[in-house]
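Every chain is numbered from 1, with letters handed out A, B, ... down the list of sequences. Not measured: the values here are computed from a predicted model. These numbers come from the heavy atoms of this one structure, side chains and all, not from hydrogens, waters or symmetry mates.
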2 protein chains.
Amino acid sequence: MSNGKTWTLKSIAQELGVSNATVSNAFNRPDQLSEKRRVEILAACNKLGYFGPNKAAQSLRKGKFNTIALVLSDSVAYMVSDPVASRFMKGVAAELEQHKVNLLLFSGSAESVNDVIDFVDGFICYGRPRNSALVGQLKQVKKKVVTVDFNIHRSASVEVDNQTSAYDVAKLAIHSEQDQLAILGLRLLDTSLICRVYDIHQMEIDTSVAHQRLQGYLDAIADSHATLGNDRIWNIPESNVELAAIAAKEALSCNPRPNVFLCMSDLIALTVMSEAQQLGLRVPEDVRIVGFDGIDEALRSVPPLTTVYQHSESKGRKAAEMFMADAHHAEVLDYELIRGGSC
Amino acid sequence: MSNGKTWTLKSIAQELGVSNATVSNAFNRPDQLSEKRRVEILAACNKLGYFGPNKAAQSLRKGKFNTIALVLSDSVAYMVSDPVASRFMKGVAAELEQHKVNLLLFSGSAESVNDVIDFVDGFICYGRPRNSALVGQLKQVKKKVVTVDFNIHRSASVEVDNQTSAYDVAKLAIHSEQDQLAILGLRLLDTSLICRVYDIHQMEIDTSVAHQRLQGYLDAIADSHATLGNDRIWNIPESNVELAAIAAKEALSCNPRPNVFLCMSDLIALTVMSEAQQLGLRVPEDVRIVGFDGIDEALRSVPPLTTVYQHSESKGRKAAEMFMADAHHAEVLDYELIRGGSC
DNA sequence: CTGTTAGCGCTTTCAA
DNA sequence: TTGAAAGCGCTAACAG
């Protein structure tokens with residue numbers, strides 16, 4: 001570590017023989033002193049190793065932090081390796097970088113936003129946080145909030161029409177009334193277990209992404225008069241290959257075997273595809289599969305996956321944009337149906 | 001937004017008819033007042049809607065922030081979607097979450113760490129930042145620093161032996177003196193262009209990951225007496241499929257066509273594999289390929305990729321651990337050779 | 001254009 | 001156990 005003296009605005013002002021207001025102005029309000037004087041002061045500061053006012057003190061004083069908290073729906077550790085969440089973060093980061101605003105990652109499983117609220121100018125909240133207490137807190141917060149993929153009925157939100165898009169992609173997969181459906185759901189239940197979801201009608205119909213997609217699927221199935229047995233909906237707690245493989249194996253070994261798989265993420269869909277192929281089943285001849293999200297890997301699979309492409313990166317960018325612009329409306333983003341070869 | 005009054009320690013103390021020191025103690029130093037009194041005060045605060053001392057003021061006073069900055073080697077937007085960096089972040093996040101320490105993502109292309117230095121307790125720096133000025137700043141910083149995959153000769157570091165691992169995996173790929181090599185490098189040059197790298201001997205041999213790997217490859221080639229033409233090293237500026245595909249096409253259309261491809265990332269290797277297969281070449285019979293990193297997708301490819309598996313998540317965890325423990329040594333992490341079917 | 005001063009909201013001696 | 005007061009480092013209003 002360098003052993004130079006640690007300067008403060010005050011001490012440096014004293015050293016230079018000017019008042020601290022002058023130094024402060026030199027850094028923050030160029031119009032308050034002569035160009036010449038400002039340059040002199042800045043140069044002197046730089047030589048002495050004073051690199052500008054302490055940001056923490058500055059922020060305390062101004063009530064402005066140049067930092068926003070991105071509240072994720074789950075732990076940071078989990079979200080950062082989720083391909084869809086990553087793309088979203090990428091969009092947020094890209095936009096914030098332009099505004100020179102720092103990004104603080106915050107876990108949706110944390111106990112309280114209080115830990116960071118005094119450090120940030122506000123929140124972008126990506127998906128309903130796993131700890132639902134946070135939602136209540138966010139409603140009370142006296143700072144800017146932009147919600148994504150859900151809405152807390154205040155301030156701004158960015159959403160995609162999950163229900164309609166799920167309906168659309170399901171329609172692509174269902175070909176006849178004879179089709180036997182299976183739904184591989186992501187986080188339909190608040191559990192870390194892989195299990196069937198039986199009483200969908202008793203489920204609290206909330207605004208979570210999973211439930212919106214489920215509703216879309218169910219509508220499509222009803223409209224098509226196809227069959228969805230009451231033991232044909234799975235809950236998968238996390239979008240990862242290991243868990244998905246277990247559910248996929250279960251689903252593929254049902255009797256009668258489903259021939260259409262509606263999957264709430266591409267990772268799940270790709271896993272079903274791979275499991276099916278290992279059983280010697282052909283996609284789409286024997287088994288049709290659709291995913292959701294439109295991750296890169298889905299384009300590269302054989303056959304490529306039919307899925308709903310979400311503009312996750314744009315979503316992130318939009319959310320950050322709305323935050324910066326202090327927007328107060330709800331923005332609904334487009335989606336695209338990708339017709340791969342899996343159905 | 002809630003319209004309740006915004007309490008401060010002072011105003012709440014006044015309201016409760018006690019001194020502000022008492023309120024402060026109730027929240028921070030339970031031993032300084034009776035249990036009964038403490039509980040009373042806390043309950044009263046909670047009822048009135050005061051959720052504890054303002055963290056920004058607290059931090060300014062204490063000089064402790066419970067936040068660390070993760071300095072990435074490139075822009076946050078880019079790093080967050082890189083599979084290897086993601087795993088690293090996952091490890092860091094998991095460890096910090098346990099300590100209830102917040103994570104601030106910081107771009108390696110930013111101008112100066114000054115923007116955040118006053119908000120954080122220190123830095124974890126993942127890879128040499130693209131803006132090399134940051135390295136100099138980090139050396140001066142009077143706060144904790146842990147570097148990863150490079151070393152600034154102060155405080156702690158976590159590293160993997162890139163050179164030896166590259167050597168090892170290259171040895172797996174090279175079978176005879178007749179082999180025609182190609183190296184698809186990642187960020188060997190400070191440019192955003194895809195191009196050949198000619199004068200490797202004039203290159204500043206630095207401690208960047210890319211150069212260490214290159215040295216490992218070159219050693220392996222030399223030891224095997226195989227052939228690496230002087231126009232057979234490519235620079236790819238980013239690890240993504242589009243850029244990799246361009247370089248892969250170039251490399252595959254060389255005459256004589258290389259039959260061994262040493263790739264500095266799995267994504268690059270997978271892209272070469274896919275391009276080769278599209279040309280009707282068989283892997284590994286016609287073309288042998290090795291990657292680096294050991295991402296999930298590499299295990300699932302056909303054939304699975306031979307590569308070096310880095311324990312990226314452990315690396316992240318370790319870096320955070322060392323930060324929290326205020327370690328000062330250099331830690332060298334293990335790697336594993338994964339023998340897939342691609343060579 | 002420059003200097004003085006009152007806080008931002010808090011913690012922590014120190015004396016009572 | 002409590003209260004008064006100094007000060008963390010800074011900004012902004014105001015007076016000169």
**Request:** Using a cut-off of strictly less than 4.0 Å between a heavy atom of the residue and any atom of DNA chain C, enumerate the qualifying residues of residues 36-53 of chain B by number.
**Result:**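 Only Tyr50(B), Pro53(B) qualify.
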**Asked** Do any of residues 13-20 of chain A sit with a heavy atom less than 4.0 Å from DNA chain C, and if so which?
**Response**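 Val18(A), Ser19(A), Asn20(A) - these, ordered by number, are the residues of the stretch whose heavy atoms sit under 4.0 Å from the strand.
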**Prompt:** Out of curiosity, Asp149(A) CG to Arg128(A) CZ, how far, rounded to the nearest 0.5 Å?
**Reply:**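 That separation rounds to 11.0 Å.
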**Item:** Pairwise distance CG(Leu33(A)) to CD1(Ile41(A)) - rounded to 0.5 angstrom
**Value:**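 Rounded to the nearest 0.5 Å, the CG-CD1 separation comes to 5.5 Å.
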Below 4.0 angstrom from OP1 or OP2 of [N], is there any side-chain N or O of [X]?
{"X": "Arg29(B)", "N": "dT12(C)", "value": "yes"}
{"X": "Asn25(A)", "N": "dT11(D)", "value": "no"}
{"X": "Gln58(A)", "N": "dT11(D)", "value": "yes"}
{"X": "Thr22(B)", "N": "dG3(D)", "value": "yes"}

**Request:** For residues Thr67(B) and Phe119(B), determine if any side-chain heavy atom of one lies less than 4.5 Å from a side-chain heavy atom of the other.
**Result:**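 With C-beta onward as the side chain, the pair stays apart.
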**Message:** Quick check on DNA chain D: between Ala57(A) and Asp31(B), whose nearest nucleotide comes earlier from the 5' end?
**Reply:**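 Its nearest nucleotide lies further toward 5', so the answer is Asp31(B).
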**Asked** Taking for each residue the nucleotide of DNA chain D with the nearest heavy atom, is it Thr8(A) or Gln32(A) whose nucleotide lies nearer the 5' end?
**Response**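 So the residue in question is Thr8(A).
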When the distance from [atom1] of [X] to [atom2] of [N] is rounded to whole Å, what number comes out?
{"X": "Leu33(A)", "N": "dG3(C)", "atom1": "CG", "atom2": "P", "value": "11 Å"}
{"X": "Asp118(A)", "N": "dG9(C)", "atom1": "CG", "atom2": "C1'", "value": "9 Å"}
{"X": "Lys10(B)", "N": "dT12(C)", "atom1": "NZ", "atom2": "C1'", "value": "16 Å"}
{"X": "Arg61(B)", "N": "dT11(C)", "atom1": "CZ", "atom2": "P", "value": "9 Å"}
{"X": "Ile117(B)", "N": "dC10(D)", "atom1": "CD1", "atom2": "P", "value": "13 Å"}
{"X": "Leu60(A)", "N": "dG7(C)", "atom1": "CG", "atom2": "C1'", "value": "10 Å"}
{"X": "Glu35(B)", "N": "dT1(D)", "atom1": "CD", "atom2": "P", "value": "11 Å"}
{"X": "Phe27(A)", "N": "dC10(D)", "atom1": "CZ", "atom2": "P", "value": "10 Å"}

**Asked** Minimum heavy-atom separation for Leu16(A) to Ala44(A), with atom names?
**Response**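 Where Leu16(A) meets Ala44(A) most closely, the heavy atoms are CD2-CB, 3.7 Å.
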**Asked** Of the non-hydrogen atoms in Ala319(A) and Val158(A), which two are nearest, and what is the gap between them?
**Response**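 Taking Ala319(A) first and Val158(A) second, the nearest heavy atoms are CA-CG2, 3.8 Å.
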**Item:** Terminal helix-axis angle for the helix from dC1(C)-dG16(D) to dA16(C)-dT1(D), with five pairs defining each axis and rounding to 10 degrees
**Value:**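 Rounded value for the end-axis angle: 40°.
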Please check this pair: side chain of [X] against backbone of [Y], looking for a donor-acceptor N/O pair closer than 3.5 Å.
{"X": "Asn46(B)", "Y": "Leu42(B)", "value": "no"}
{"X": "Asn131(A)", "Y": "Ala110(A)", "value": "yes"}
{"X": "Arg187(A)", "Y": "Pro237(A)", "value": "yes"}
{"X": "Ser59(A)", "Y": "Lys55(A)", "value": "yes"}

**Asked** Would you call Glu313(A)-Arg317(A) a salt bridge at under 4.0 Å N-O?
**Response**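 Result for this pair is no, no salt bridge flagged.
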**Message:** Within the 4.0 Å heavy-atom criterion, would you say Leu9(B) contacts the bases, only the backbone, or no part of the nucleic acid?
**Reply:**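 Base contact - Leu9(B) has a heavy atom under 4.0 Å of at least one base atom.
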**Message:** Once you apply a heavy-atom cut-off of 4.0 Å, does Ser34(B) come out as touching a base, just sugar-phosphate, or nothing?
**Reply:**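 Ser34(B): backbone/sugar contact only, no base atoms under 4.0 Å.
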**Message:** Pair Gln58(A), Asn28(A) - check side-chain hydrogen bond (donor to acceptor under 3.5 Å, both in side chains), show working.
**Reply:** CA-CA 11 Å; Gln58(A) 204 168 31; Asn28(A) 308 313; 3.3 Å; yes
**Request:** Quick one: sort the Tyr50(A) and Phe27(A) rings into parallel, tilted or perpendicular, breaks at 30° and 60°.
**Result:**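 Geometry flag for Phe27(A) against Tyr50(A): perpendicular rings.
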**Item:** Nucleotide of dT11(D), dT11(C), dT2(D) approaching Asn28(A) most closely (side-chain heavy atoms)
**Value:**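 The nucleotide sitting nearest to the side chain is dT11(D).
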